[in-house]
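By convention in this document, chain letters (A, B, ...) are assigned in the order of the sequence lines, proteins followed by strands, and residues within each chain are numbered from 1. Values below: all heavy atoms of this structure, side chains included; hydrogens, waters and symmetry mates excluded.
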There are 2 protein chains.
Amino acid sequence: MARYQAGIRTETKILEATRELLAEGGLDAATLKAICDRAGVQAGSFYNIFPSKEQAIMQVARDAIQAVDPNPERSYTDTLDDLVDAYIRFVTDQSDLARIYLQVAVSGSADDSVARRFLRHHVRRVERFAAAMRRADRSLPDGEATTRAEVLLGALDGLAFRWVLDRSFDFAKHARIAAAHCG
Amino acid sequence: MARYQAGIRTETKILEATRELLAEGGLDAATLKAICDRAGVQAGSFYNIFPSKEQAIMQVARDAIQAVDPNPERSYTDTLDDLVDAYIRFVTDQSDLARIYLQVAVSGSADDSVARRFLRHHVRRVERFAAAMRRADRSLPDGEATTRAEVLLGALDGLAFRWVLDRSFDFAKHARIAAAHCG
DNA sequence: TCCAAAATGGAGTGTATACTCAAAAAGCCG
DNA sequence: CGGCTTTTTGAGTATACACTCCATTTTGGA
């Protein structure tokens, strides 16, 4: 545990390096040596702070998963547009985390605790989207709203995925069209 | 290259083993040892047939990417429903390949020739979907059809991705709803 | 049946990886 | 400063990996 300032600084540097490497080249690029080199730190220092490489990666992944959700405290007042805009901003402004968000989810099979975390988070997101839809249209049945939310979130994830493969793809435009069709 | 029957059988066994392992545990699980053990073959035999492990994996990935396209020869007569049904069948019937299809696309950063292949293939698929849309509605402008096709394919990929994480998800139902909204 | 080509077994190579450890250095507080 | 704790260093370990080599066996056509 970091209790001196030096330790806290080192932890930060390591997490930054890990995040950059994950964004640039995925899990394969985030080797211990690469992380330590970029953070300007030796292996021993790494293991003084993190019990394993995986723990550092998990922490970055956790941050990425949480960053996709805007203002969790006002979960029950936001509109569908708010949520979609937040997703667009997340993908375009925090593209590093967005990329990790998608990568971690797919390659999670090897380490299924990440996949489970991702899924739990997704379910909560679907509920939030569905609630926003029902607030806009009170006559919408509960099940219908959930189904629509699943479709919309699927579309957003799929389009983000498309954008990760080809940065010239206009993610925002397509995301808004998807929202218009499903909302 | 294999010219004796024995060699061809071995090649087949290796490709099957590779596909199974990729489907079960992703790229990480498809080690040379795992592939050879499952295929009942030694490393020397593997390298008598494939120049590298990557080549074997690439071949499986190529098959997966191609398998998502139904009847390429009648590319200009199919309806949107045909295409969506084919995708649904691909995901549910050939779940191994579907999973590889998605995995390869995301982790392609390490080996970007796969990612490029995936993207080229995606562009062709968008055109095919857009053409089907325009055949159904002649008044639909070209650009609009392409945009809608991108959104629909994004949704299908995103929903397939969702299904890979949680097999109890009703992919077919949500895929059809997405198609209805975008078509 | 014979033989060259093809396929196989399996030990062996080099390398990259995650991780450890004990000693040295630096940080904090009286 | 002085004494205690935390942090850093960097060489070192064990292991898993892709891949090689070649003697041996099998194959299939002449």
Side-chain angles (χ1 to χ4, degrees), chain A residues 1-22 24-61 103-104 107-114, chain B residues 1-22 24-61 103-104 107-114:
Chain A
M1 278 294 185
R3 275 157 55 182
Y4 285 6
Q5 285 302 314
I8 294 170
R9 273 197 305 272
T10 306
E11 182 175 353
T12 307
K13 281 192 294 182
I14 288 173
L15 287 174
E16 272 172 10
T18 305
R19 182 166 57 200
E20 287 173 17
L21 287 164
L22 283 177
E24 287 169 19
L27 282 169
D28 290 349
T31 65
L32 193 76
K33 185 175 176 351
I35 292 170
C36 291
D37 283 358
R38 184 166 302 206
V41 148
Q42 297 289 342
S45 297
F46 184 100
Y47 285 98
N48 185 47
I49 291 171
F50 295 98
S52 72
K53 191 190 83 163
E54 197 174 341
Q55 285 303 310
I57 288 179
M58 284 279 281
Q59 182 153 340
V60 172
Q103 255 166 0
V104 160
S107 54
S109 62
D111 168 9
D112 68 336
S113 81
V114 176
Chain B
M1 271 301 170
R3 278 164 47 191
Y4 286 4
Q5 285 302 314
I8 294 170
R9 272 198 304 274
T10 307
E11 184 175 352
T12 307
K13 280 192 294 182
I14 288 174
L15 287 174
E16 272 172 10
T18 305
R19 181 166 58 200
E20 287 173 16
L21 287 164
L22 283 176
E24 287 169 18
L27 281 169
D28 290 349
T31 65
L32 193 75
K33 185 175 175 351
I35 292 172
C36 290
D37 283 358
R38 185 166 302 205
V41 149
Q42 296 289 341
S45 299
F46 184 100
Y47 285 97
N48 185 47
I49 291 172
F50 295 98
S52 71
K53 190 191 86 166
E54 197 174 339
Q55 285 302 311
I57 287 179
M58 284 280 281
Q59 181 152 341
V60 172
Q103 256 166 1
V104 160
S107 55
S109 63
D111 167 9
D112 67 337
S113 81
V114 176

When rounded to whole Å, the CD to P distance for the pair A:Q55 and C:dA18 reads 15 Å

Please round to the nearest 0.5 Å and tell me the distance separating atom OH of B:Y4 and atom OG1 of B:T10.
13.5 Å

If I take atom CG in residue A:D37 and atom P in nucleotide C:dT17, what distance separates them, rounded to the nearest angstrom?
10 Å

Integer-rounded Å distance: D:dG28 C1' and B:I8 CD1
12 Å

Structure string for DNA chain D in dot-bracket form, Watson-Crick and G-U at under 3.5 Å, | interchain
||||||||||||||||||||||||||||||

Tell me which donor-acceptor pairs under 3.5 Å the side chains of residues 33-45 of chain A have, and how far apart each pair is, sequence neighbours excluded?
unit_1 : atom_1 : unit_2 : atom_2 : d
A:K33  : NZ     : A:D37  : OD2    : 2.9
A:R38  : NH1    : A:E20  : OE1    : 2.8
A:R38  : NH1    : A:E24  : OE2    : 2.9
A:R38  : NH2    : A:E24  : OE1    : 3.1

Closest non-hydrogen atoms of B:F50 and B:E11, given as atom of the first, atom of the second and distance, are CZ-CG, 3.8 Å

Base-contact (B) and sugar-phosphate-only (S) positions in nucleotides 23-30 of chain C, heavy-atom cut-off under 4.0 Å, - elsewhere:
----BS--

D:dT24 P sits how many Å from B:N48 CG, rounded?
18 Å

Can you tell me if A:Q42 touches the phosphate of D:dG10, counting only side-chain N or O atoms and a distance under 4.0 Å to OP1 or OP2?
yes

Using salt bridge (charged side-chain N to carboxylate O under 4.0 Å, His left out) as the criterion, list what pairs up with B:R9, not counting sequence neighbours.
none

Nucleotide N/O to protein N/O under 3.5 Å, stretch nucleotides 13-18 of chain D:
unit_1 : atom_1 : unit_2 : atom_2 : d
D:dA18 : OP1    : B:L32  : N      : 3.4
D:dA18 : OP1    : B:K53  : NZ     : 2.5
D:dA18 : OP2    : B:L32  : N      : 2.7

Length of the line joining A:L27:CG and C:dA18:C1', which is rounded to integer Å
15 Å

If you take any heavy atom closer than 4.0 Å to DNA chain D, which residues from residues 14-21 of chain B end up in contact?
none

Which residue, A:S45 or B:G44, contacts DNA chain D at a nucleotide closer to its 5' end, judged by nearest heavy atom?
A:S45

Value in whole Å for how far the P atom of C:dC19 lies from CD1 of A:I35:
10 Å

What heavy-atom pair brings A:Y47 and A:K53 nearest, and what distance separates the two atoms?
OH-N, 4.1 Å

Residue pair B:K13/A:A43 against DNA chain C: nearer the 5' end by closest nucleotide is B:K13

Using the rule given for side chain to side chain contact (heavy atoms under 4.5 Å, CB included), can you reason through A:R19 versus A:L15, listing the C-alpha separation, both sets of side-chain angles and the distance that settles it, and then say yes or no?
CA-CA 6 Å; A:R19 182 166 57 200; A:L15 287 174; over 6 Å; no

Phosphate OP1/OP2 of D:dT7 contacted by A:T10 side-chain N/O (<4.0 Å)
no

CD1 (B:I8) and CD1 (B:I49) are apart, to the nearest 0.5 Å, by 9.5 Å

